[in-house]
Amino acid sequence: MAGFNFRGAMRRLSAAVAFLLCTAVFAVSAGYSLRPDDQGVRTRLEGFYAEPAGSLDVVFVGSSAVYAFFSPLRLWRETGLTSYLYATPNQSVDMIRYAIEECRKTQPDALYIVELRAMLATREDRAAIAADLRRLSDNMPYSRTRARLIAAQAEPETRLSHEIDLIKYHGRWKDVRWSDLRFLRWGKADPMKGWQFITGWEPIEMRDWSAVNAAIEPDADNVRALETLLEYCRAEGVNAVFLATPFSLSRKQEKMLNATEKTVEAAGYEFWNLTKIPDEIGLDFETDYSDFRHVNMLGAVKCTGWLGARLTEKGVVHAAADDGARWQECWAQYEPREQAAIETILEQ
């Protein structure tokens with residue numbers, strides 16, 4: 001019987017390991033390259049990972065209201081605070097907890113501003129929102145956080161296609177451009193810091209619920225998700241402020257926000273309900289909205305100005321490791337686009 005060839009076995013093992021590693025690298029790179037840029041979500045989230053570690057004073061998380069109401073470069077111009085919008089359409093309260101965990105890997109000392117309009121979602125809304133999980137998970141790098149998000153939020157029969165992009169997007173190879181390729185890295189800078197210029201215009205009816213103090217509990221699943229989020233923030237020492245952006249909501253919805261405020265404050269955090277103070281912000285319902293849920297660029301300038309003043313009053317100052325040179329370059333690109341957006345709205 002021939003003797004065991006140890007060296008030969010090791011060579012074969014090494015070759016097998018090298019093959020598996022190359023396959024894994026290819027799968028990861030191909031997955032990143034094939035992901036679609038759905039409504040600019042990939043550009044926004046991928047850009048976050050290009051921000052240097054510890055360079056942000058503020059990180060915004062939440063749904064589409066985040067990138068409609070608060071402009072990072074306008075905020076920087078007025079306060080010197082560096083910020084980014086880590087937001088996706090219909091980002092539920094359940095998802096926000098994982099978004100914060102993901103962002104704190106590189107920005108642990110930032111102030112997290114959490115938009116909580118998602119607390120108003122009904123059970124039917126939540127079923128529809130579940131389809132938007134991909135807009136968050138598909139635009140996160142592979143990690144334990146991403147895996148936990150998918151395990152917690154995806155339906156069992158869809159989890160594998162969430163976890164491995166090639167299963168979902170392998171058919172997109174014909175549409176891939178050279179600019180889409182991301183080999184061995186994830187993160188292409190977004191000079192707009194996640195911002196989306198909204199130039200639509202629609203007069204809306206805004207009812208005054210500032211005197212409404214009664215409270216109605218939101219959907220029980222939303223309440224449990226919020227309590228889990230607050231427990232996570234307390235346990236991890238997350239510096240956070242929670243808020244609700246102003247839109248044309250019902251009396252019942254305002255009562256739900258009142259209950260949300262009580263839950264947040266009971267956990268030791270601040271809740272800023274902007275739905276009660278549109279006049280203080282200076283919003284004009286005839287000009288400043290693109291639809292009943294979102295402001296346009298005119299409204300965004302006002303909301304960002306109000307927020308900047310509130311953060312200054314709160315004592316938030318620029319402390320992140322960023323000298324401002326990068327932000328000045330981004331502002332030079334941003335300012336003419338902001339002005340063009342405003343002119344487009346006024347022309348309407």
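The model shown is predicted, which means the values in this text are computed figures rather than measured ones. We count residues from 1, following the sequence as given.
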Treating [X] as the side-chain partner and [Y] as the backbone partner, does any N or O pair qualify as donor plus acceptor under 3.5 Å?
X: Asn296; Y: Thr287; value: yes
X: Gln348; Y: Gly200; value: no
X: Asp190; Y: Gly194; value: yes
X: Asn258; Y: Ala214; value: yes
X: Asn139; Y: Arg135; value: yes
X: Glu286; Y: Ile204; value: no

Side-chain touch [X]/[Y], heavy atoms, less than 4.5 angstrom:
X: Leu230; Y: Arg234; result: yes
X: Thr260; Y: Asn222; result: no
X: Leu249; Y: Thr275; result: yes
X: Ser83; Y: Lys193; result: no
X: Val59; Y: Val61; result: yes
X: Val58; Y: Ile113; result: yes
X: Pro72; Y: Leu85; result: yes
X: Glu115; Y: Gln91; result: no

Exercise for the section: Go through the steps for Tyr112 and Arg104 under the test side-chain contact (heavy atoms from CB on, under 4.5 Å), then give the verdict. Expected result: CA-CA 9 Å; Tyr112 283 81; Arg104 293 190 78 241; 3.3 Å; yes
Flag for [Y]-[X]: side-chain donor and acceptor within less than 3.5 Å:
X: Thr43; Y: Lys188; result: no
X: Thr82; Y: Asp57; result: yes
X: Thr158; Y: Glu155; result: no
X: Glu338; Y: Ser71; result: no
X: Glu102; Y: Tyr49; result: yes
X: Arg117; Y: Thr245; result: yes
X: Glu270; Y: Trp272; result: yes
X: Thr145; Y: Lys105; result: yes
X: Ser290; Y: Glu202; result: no

Transitively linked via ILVMFWY side-chain contacts under 4.5 Å: [X] with [Y]?
X: Phe247; Y: Ile198; value: no
X: Leu274; Y: Leu307; value: yes
X: Val317; Y: Leu73; value: no

Please report the shortest heavy-atom distance between [X] and [Y], naming the atom on each side.
X: Leu283; Y: Cys303; answer: CD2-SG, 4.0 Å
X: Thr304; Y: Leu75; answer: CG2-N, 3.6 Å
X: Arg146; Y: Ser137; answer: NE-O, 2.7 Å
X: Arg251; Y: Val212; answer: NH1-CG2, 3.4 Å
X: Ala121; Y: Asp219; answer: O-CB, 3.8 Å
X: Lys276; Y: Pro278; answer: C-CD, 3.3 Å

Quick one: sort the [X] and [Y] rings into parallel, tilted or perpendicular, breaks at 30° and 60°.
X: Trp76; Y: Trp331; result: tilted
X: Tyr84; Y: Phe48; result: perpendicular
X: Tyr289; Y: Phe285; result: tilted

Working to the nearest 0.5 Å, report the span between [atom1] of [X] and [atom2] of [Y].
X: Leu243; Y: Leu257; atom1: CG; atom2: CG; answer: 10.5 Å
X: Asp109; Y: Ser55; atom1: CG; atom2: OG; answer: 11.5 Å
X: Met140; Y: Arg134; atom1: CE; atom2: CZ; answer: 14.0 Å
X: Leu229; Y: Arg224; atom1: CG; atom2: CZ; answer: 15.0 Å
X: Cys330; Y: Glu335; atom1: SG; atom2: CD; answer: 13.0 Å
X: Arg144; Y: Leu149; atom1: CZ; atom2: CG; answer: 14.0 Å

Does the cation-pi check pass for [X] over [Y], that is, NZ or CZ under 6.0 Å from the six-membered ring centre and within 45° of its axis?
X: Arg44; Y: Tyr67; answer: yes
X: Lys255; Y: Trp209; answer: no
X: Arg74; Y: Tyr334; answer: no

Exercise for the section: Apply side-chain contact (heavy atoms from CB on, under 4.5 Å) to Met192 and Arg337, showing your working. Expected result: CA-CA 10 Å; Met192 298 300 103; Arg337 294 184 65 182; 3.8 Å; yes
Exercise for the section: Let me see the working for Met297 and Thr199 under side-chain contact (heavy atoms from CB on, under 4.5 Å), right down to the final yes or no. Expected result: CA-CA 6 Å; Met297 194 71 242; Thr199 58; 5.7 Å; no
Handout entry: Lys/Arg-Asp/Glu bridge criterion (N-O < 4.0 Å) met for Glu51, Arg326
Key = yes
Handout entry: Carboxylate-amine/guanidinium proximity below 4.0 Å for Arg207 and Glu254
Key = no
Practice task
Only one of Tyr86, Trp306, Phe60 passes ring pair (Phe, Tyr, Trp, His ring centres under 6.0 Å) with Phe70; say which it is.
Solution key: Phe60
Practice task
Please test Val93 against Val114 for side-chain contact (heavy atoms from CB on, under 4.5 Å), starting from the C-alpha separation and ending with a verdict.
Solution key: CA-CA 9 Å; Val93 182; Val114 183; over 6 Å; no
Completion exercise
Checking Ile150, Thr88, Ile96, Val41 against Leu136 for side-chain contact (heavy atoms from CB on, under 4.5 Å), the one that qualifies is Thr88
